[in-house]
Engineer: 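Sharing a structure with you now.
Throughout, protein chains are lettered first and strands after them, A, B, ... in sequence-line order, and every chain is numbered starting at 1.
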Amino acid sequence: MTTYLIKGASIVGAEPTDLLIRDGVVAAVGRDAAAPGAEVIDADGLIALPGLVDLHTHLREPGREDAETVMSGSRAAALGGYTAVCAMANTDPVADTAGVVEQVWRLGQAAGLVDVRPVGAVTVGLAGERLAELGAMATSAAAVRIFSDDGHCVSDPRLMRRALEYVKAFDGVIAQHAEEPRLTVGAQLHEGELSGRLGLAGWPAVAEEAIIARDALLAGHVGSRLHICHVSTAGSVEIIRGAKRAGIRITAEVTPHHLLLTDARAESYDPVFKVNPPLRTDTDVAALRAGLAEGVIDAVATDHAPHAVEDKECEWQYARPGMLGLETALSIVMSTKSLSWDGIAERMSRVPARIAGLDGHGRDPAPGVPANLTLVDPAATWVVEPAELASLSRNTPYAGMELPGRVMATFLAGRPTVLDGKATK
Amino acid sequence: MTNLEQSPDRGGITGHLLSAADLDAAAATQVLDTAAELAALSDRSVKKLPTLRGRTVVNLFYEDSTRTRISFEAAAKRLSADVINFSVKGSSVSKGESLKDTALTLQAMGADAVVIRHAASGAPHRLARWVDGSVVNAGDGTHEHPTQALLDAYTMRSRLGRLSGLTVAIVGDVLHSRVARSNALLLNTLGADVTLVGPPTLLPVGVDSWPVKTSYDLDAVLPTVDVVMALRVQRERMEDSFFPSAREYARRYGLDAARLRKLPEHAIVMHPGPMNRGMEIAPDVADSPRSTIVEQVANGVSVRMAVLYLLLGGQV
Ligand SMILES: [Zn+2]
């Protein structure tokens with residue numbers, strides 16, 4: 001295994017220093033860190049961050065390998081600075097058994113570009129009717145800790161309560177896609193002035209907020225952990241703030257796109273801007289940014305959702321919801337200027353690693369720590385060119401935008417997955 | 001997005017007609033004036049003008065709407081255009097060909113104009129990105145139906161002599177109505193005052209930012225209007241609890257003989273069709289002399305002739 005000497009990197013924004021990476025760990029940090037025969041990486045001007053951790057990734061394999069595979073998604077993740085991703089369960093077949101989660105986990109191991117941690121479905125087939133074998137998935141080789149029916153809300157309150165209770169046995173957490181389905185029948189776009197004008201059925205903020213409020217109360221009642229996926233409204237931020245104050249064990253994530261874009265993008269009827277939950281308003285964006293900076297929102301998660309061309313090059317209401325996110329997330333967060341380097345490390349690595357129970361991730365580079373880290377050039381800018389992304393799909397909402405920050409290198413367990421801004425495989 | 005705009009060199013309008021908002025007052029007035037001229041020609045038994053000879057107009061209908069398709073077809077044929085009807089049944093569309101693939105086919109055929117009716121809001125906007133010809137929105141989902149608004153404006157102007165300063169009530173299922181959206185925009189552009197009337201469940205969220213007034217009380221609105229337009233209300237809306245029953249809807253928002261008497265002497269009654277007689281409009285109201293429903297159909301052909309003529313730059 002090659003030894004690497006990273007010279008002149010600023011660890012989470014501190015004074016520049018050198019890092020020695022050997023045998024999968026950070027062996028030494030400091031100007032005297034050296035080893036004969038080490039390959040030197042010039043990191044002058046670069047920021048070293050703990051490898052990013054994504055709580056919410058759709059890798060599409062098995063089932064839609066035309067849109068993304070574990071391999072292509074892993075490459076996109078590494079290029080985005082990620083060392084771990086939680087792969088959502090809404091594949092075909094659904095990841096609702098030990099067999100499927102182990103398959104995804106093994107594919108991730110084989111790809112070797114990022115730690116792929118499968119999320120297990122809460123209910124059989126995501127149908128919301130009966131619990132999947134959560135314990136079997138937890139004790140499988142994939143060691144599942146996060147369970148989610150993402151794409152669907154666990155809307156039955158009794159079933160949600162049971163799921164919250166049941167996963168306590170193995171320190172699991174339920175990640176809820178908060179959407180009251182009776183309030184979003186046919187919904188296409190944030191319910192507001194624009195949905196009315198464009199004649200697209202509205203997705204009201206209350207459909208998200210009502211479920212978050214209900215589930216926070218349920219989690220408090222049974223003393224369980226609850227995680228809220230892709231929080232999108234100002235009202236949700238307030239509810240989560242109140243729940244945390246009340247001592248409820250609730251965590252929440254926000255996507256880069258909800259931190260940047262608003263429903264105004266839908267005016268073109270271009271479904272590249274169709275996503276679930278939908279893009280909201282300026283007020284929501286401001287509240288989400290503030291909530292993230294403050295820590296009411298614990299983490300940034302991409303909700304990376306690749307889709308084949310034919311699922312996006314069509315009429316808005318027939319298009320599938322979702323956007324690419326892995327390769328642009330860090331740049332988008334940087335562009336919002338709402339977080340310091342420490343804030344970025346906290347919200348994109350340390351805290352999500354803690355939520356997912358990933359001990360080897362989310363730790364700042366220091367002697368003895370597993371070498372999961374990424375080097376970012378904060379001065380570089382780049383223009384998003386959909387065809388140049390590593391994802392098999394092209395549905396980025398940022399096409400043509402110039403973004404700050406470029407991932408120059410990523411290390412997974414001491415091995416480079418990205419060098420000179422290029423994936424190593 | 002300005003799609004139907006003044007062309008300085010020709011004084012015409014060019015591009016697409018996707019939304020009534022694409023028309024400013026001058027362009028909208030030009031359409032209405034041109035429609036009047038074309039109607040006068042038709043009255044002089046000149047049934048067919050050579051204006052669009054050699055041009056191809058495609059009627060691309062993803063929804064069954066015989067009346068709108070026939071209206072566009074008649075308009076195009078009276079201008080001597082070649083008309084191709086592309087409808088869901090009996091074409092590749094029903095086999096699931098995508099809108100984009102269909103667009104590329106039409107592009108290869110050299111369609112000069114594509115008239116599209118589609119169940120999905122915004123489908124004409126998508127189509128306009130994929131074809132070079134002019135796209136005319138003949139009704140998209142619950143979004144807009146700009147030629148319906150033009151023919152309604154034409155009908156009001158010919159009955160009442162003006163549009164500016166008219167008070168128009170549009171009554172019913174505004175939420176799901178493309179006719180209401182296009183009329184609200186166009187009538188506002190042309191200086192009329194629009195009031196949208198219906199139960200709160202059928203007025204869209206955000207309607208307060210539209211250039212209109214709103215009311216839940218039809219009887220309070222009627223005495224001051226010049227025009228009352230009843231929108232079609234689908235009975236399925238009851239199943240979704242937008243209102244409790246057809247009977248209650250008719251009682252609160254239906255145009256019946258008693259309500260007709262509350263209107264000023266000169267006021268007219270409109271309906272975009274097809275009607276649910278007994279629901280949003282009573283049979284005796286639909287058939288009364290104040291009703292313009294039959295004229296609306298005839299005016300539709302003239303207005304659509306004008307739109308095609310102006311978009312395709314025909315010469316008289
Ligand atoms: Zn989701």
Side-chain angles (χ1 to χ4, degrees), chain A residues 66 181-207 209 233 235 262-274 278-284 307-321 394-395 399-400, chain B residues 1 18-21 62-63 93 96-104 116 118-130 135 137 139-146 173-182 184-185 196 202-212 214 239-242:
Chain A
D66 58 326
R182 295 288 295 152
L183 289 174
T184 58
V185 175
Q188 297 294 324
L189 179 65
H190 169 66
E191 184 168 84
E193 188 273 328
L194 197 63
S195 63
R197 184 149 57 80
L198 295 184
L200 292 170
W203 199 129
V206 63
E209 293 154 3
T233 78
T262 67
D263 63 341
R265 302 274 171 162
E267 190 122 29
S268 63
Y269 288 101
D270 184 344
V272 79
F273 298 110
K274 179 171 171 176
L279 300 176
R280 304 284 185 186
T281 67
D282 287 325
T283 311
D284 297 300
H307 286 298
V309 171
E310 65 271 22
D311 291 326
K312 283 291 189 183
E313 288 261 277
C314 59
E315 298 84 334
W316 178 283
Q317 74 187 56
Y318 304 157
R320 287 174 184 270
R394 299 284 169 261
N395 55 304
Chain B
M1 189 170 12
L18 305 180
S19 161
Y62 286 81
E63 275 188 335
V93 169
E97 183 178 80
S98 74
L99 178 62
K100 183 165 189 190
D101 286 335
T102 302
L104 298 179
I116 179 173
H118 201 296
S121 299
H125 299 67
R126 300 294 287 153
L127 181 67
R129 290 173 147 250
W130 298 322
V135 174
N137 182 356
D140 63 327
T142 54
H143 179 226
E144 283 210 44
H145 194 353
D173 184 359
V174 176
L175 179 63
H176 301 96
S177 174
R178 48 196 175 206
V179 175
R181 279 176 183 71
S182 287
L185 289 166
L196 302 176
L202 292 176
L203 295 177
V205 165
V207 73
D208 44 337
S209 65
W210 296 17
V212 297
T214 56
E239 316 306 323
D240 279 337
S241 296
F242 284 102

Engineer: Measuring from atom CD of A/Glu267 to atom NE2 of B/His125, what distance do you get when rounded to the nearest 0.5 angstrom?
Structural biologist: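 Spacing of CD (A/Glu267) from NE2 (B/His125) equals 8.5 Å.
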Engineer: Drop me the distance from A/Tyr269's OH to B/Leu18's CG, to the nearest 0.5 angstrom.
Structural biologist: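 Going from OH on A/Tyr269 over to CG on B/Leu18, the span is 9.5 Å.
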Engineer: What orientation do B/His118 and A/Tyr318 show, parallel under 30°, tilted 30 to 60°, or perpendicular over 60°?
Structural biologist: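 Ring orientation, 0 to 90° scale: tilted.
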Engineer: With distance as the sole test, does B/Ser121 use its side chain to make a donor-acceptor pair with the main-chain N or O of A/Gly199 at under 3.5 Å?
Structural biologist: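 Yes; judged by distance alone, with no hydrogens or angles, the pair exists.
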Engineer: Which residue out of A/Val185, A/Leu194, A/Asp270 racks up the most heavy-atom pairs below 4.5 Å with chain B?
Structural biologist: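 Heavy-atom pair counts peak at A/Asp270.
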Engineer: Looking at chain B, which one of A/Glu313, A/Gln188, A/Glu310 has the largest number of heavy-atom pairs inside 4.5 Å, strictly under?
Structural biologist: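 Between A/Glu313, A/Gln188, A/Glu310, the count favours A/Glu313.
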Engineer: Measure from the side-chain N and O atoms of B/Arg126 to the backbone N and O of A/Glu315, and report whether any donor-acceptor pair falls under 3.5 Å.
Structural biologist: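 No: the side chain of B/Arg126 does not pair with the backbone of A/Glu315.
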Engineer: What part of B/Ala103 is in contact with chain A, defined as an atom under 4.5 angstrom from a non-hydrogen atom: side chain, backbone, both or neither?
Structural biologist: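 Neither part; nothing is under 4.5 Å.
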Engineer: So, the side chain of B/Arg181 versus the backbone of A/Leu198: is there a donor-acceptor pair under 3.5 Å, distance only?
Structural biologist: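 Not a single qualifying donor-acceptor pair exists.
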Engineer: Closest approach of B/Thr142 and A/Leu200, non-hydrogen atoms and distance?
Structural biologist: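 For B/Thr142 versus A/Leu200, the nearest heavy atoms are OG1-N, 4.4 Å.
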